[in-house]
2 protein chains.
Amino acid sequence: MGLTKTDNFTTEQNELAAFAKALGHPARVAIIEYLSSQNDCVCGSIVDAIPLAQATVSQHLKELKNAGLIQGNIEGNSICYCLNPEKWKKFKQMLEPTFTHIEQPVCC
Amino acid sequence: MGLTKTDNFTTEQNELAAFAKALGHPARVAIIEYLSSQNDCVCGSIVDAIPLAQATVSQHLKELKNAGLIQGNIEGNSICYCLNPEKWKKFKQMLEPTFTHIEQPVCC
DNA sequence: ATTCTTTATCGTAATATTGCAATAAGACAA
DNA sequence: TTGTCTTATTGCAATATTACGATAAAGAAT
């Protein structure tokens, strides 16, 4: 198969999975970390910062954009990729119950 | 290819990606949500709660275990799968910089 | 010992992902 | 227009993932 059965799960579960999946590759983690630490969002800078070919980085950026974790804005000659605060807030909020749950002692 | 170039990235980046990837499927999200909300960790209960075949759920549990997000303990006749607090704390901690970053105004 | 219950593994088919070279597409400059 | 710079897309090969039936493995119960 290889086809995820999304119908069996809630919209929220699918959305959280989509966020997590988008972050589930070290190159995409590196892109997000770059955008979180640098005051620089130019696509070319990201490509330079990630040790993969331009075509590959572009593909990863597309996946992050599809998941909604980043958004692209035209900035003169190039494109500025920024974090999407709304989506990240939602991501955080959906993880919160588990983050809270692990504060109490484990069951076994 | 289909082969992730992990060598190009830091251990931390790879670990965060592994956590996220493990959570990147609605069935595994559902499993984690079940363990976060129920005081029940018995493998059989998880299988019943997830609308997929037993073999498939077992496979998803294995992936969560490989990533370290859950741990399995023998509990009499069955197996108890619990969240691994240490790993979840690390996961949370690694996401923190981005969660913090989105609190300030976006660059564009 | 045999049977039942519970969980893991194997085998297989279908689909998805990763990576890159080559190339296209778009905006700007001269 | 022609060229240049920046980013996206295409095409392809290699590998990974998803799903499930069948079956194995290990312990409990009879």
Side-chain angles (χ1 to χ4, degrees), chain A residues 1-9 13-14 17-31 34-35 40-67 70-82 108, chain B residues 1-9 13-14 17-31 34-35 40-67 70-82 108:
Chain A
M1 302 226 154
L3 176 58
T4 296
K5 285 190 151 184
T6 54
D7 291 358
N8 290 336
F9 303 96
Q13 285 169 337
N14 280 304
F19 286 155
K21 189 175 180 181
L23 204 65
H25 188 288
R28 298 195 289 268
V29 166
I31 291 169
Y34 184 85
L35 294 179
D40 178 10
C41 56
V42 180
C43 178
S45 307
I46 301 171
V47 170
D48 291 346
I50 305 298
L52 292 172
Q54 182 266 328
T56 309
V57 175
S58 182
Q59 207 172 250
H60 285 306
L61 286 167
K62 190 181 179 184
E63 277 182 67
L64 286 169
K65 206 170 103 183
N66 283 345
I70 64 172
Q71 53 200 158
N73 304 80
I74 296 171
E75 185 82 9
N77 200 12
S78 60
I79 294 188
C80 173
Y81 281 109
C82 308
C108 45
Chain B
M1 300 227 154
L3 177 59
T4 297
K5 284 189 149 186
T6 54
D7 290 358
N8 290 335
F9 302 96
Q13 285 169 336
N14 280 304
F19 286 155
K21 189 175 183 182
L23 205 62
H25 188 290
R28 297 194 290 266
V29 166
I31 291 169
Y34 184 86
L35 294 179
D40 178 12
C41 58
V42 180
C43 178
S45 306
I46 300 170
V47 170
D48 292 345
I50 305 299
L52 291 173
Q54 180 266 328
T56 310
V57 175
S58 181
Q59 208 171 249
H60 284 307
L61 286 167
K62 189 180 177 184
E63 277 183 65
L64 286 168
K65 206 170 103 182
N66 283 345
I70 64 174
Q71 52 201 156
N73 303 80
I74 295 172
E75 184 81 6
N77 200 11
S78 60
I79 294 187
C80 173
Y81 280 109
C82 307
C108 48

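Protein chains get the first letters and strands the later ones, always in sequence-line order, with residue 1 at the start of each. In this text, all values refer to a predicted model and were calculated from it rather than measured experimentally.
- In this structure, the side chain of B:R28 engages the main chain of B:A22 through a donor-acceptor pair within 3.5 Å.
- Remark: A:Y81 is not in phosphate contact with D:dT6, judged by side-chain N or O atoms under 4.0 Å from OP1 or OP2.
- Looking at residues two or more places apart in sequence or on another chain, you find no side-chain hydrogen bond (donor to acceptor under 3.5 Å, both in side chains) involving A:Q59.
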Worked check of side chain to side chain donor-acceptor pair (under 3.5 Å) between A:Y81 and A:N73: CA-CA 6 Å; A:Y81 281 109; A:N73 304 80; over 6 Å; no
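- Within the nucleic acid shown, A:S58 comes within 4.0 Å of at least one base atom, counting heavy atoms only.
- For A:T6, the side-chain hydrogen bond (donor to acceptor under 3.5 Å, both in side chains) criterion is met by no residue, not counting sequence neighbours.
- Between the CD1 atom of B:I31 and the P atom of D:dA19 there is a distance of 11 Å, rounded to whole Å.
- Atoms CD1 (A:I46) and P (D:dT6) sit 14 Å apart, rounded to a whole Å.
- Put simply, CG on B:L64 is 14 Å from C1' on D:dT17, counting in whole angstrom units.
- Protein atom CG of A:D48 is 14 Å distant from nucleotide atom P of D:dC5, rounded to whole Å.
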Protein-to-nucleotide contact annotation, 5' to 3' order, nucleotides 18-30 of chain C [B base; S sugar-phosphate only; - none; under 4.0 Å, heavy atom]: BBBBB-----S--
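- One can place CG of B:N66 at 14 Å from P of D:dA16, the figure rounded to the nearest angstrom.
- Between A:N73 atom CG and D:dT7 atom C1' there is a gap of 15 Å when expressed in whole angstrom units.
- Ring orientation note: the planes of A:H25 and B:F9 are nearly perpendicular, at an angle over 60° on the 30°/60° scale.
- Shortest non-hydrogen contact noted between A:I70 and A:L61 is CD1-O, 3.6 Å.
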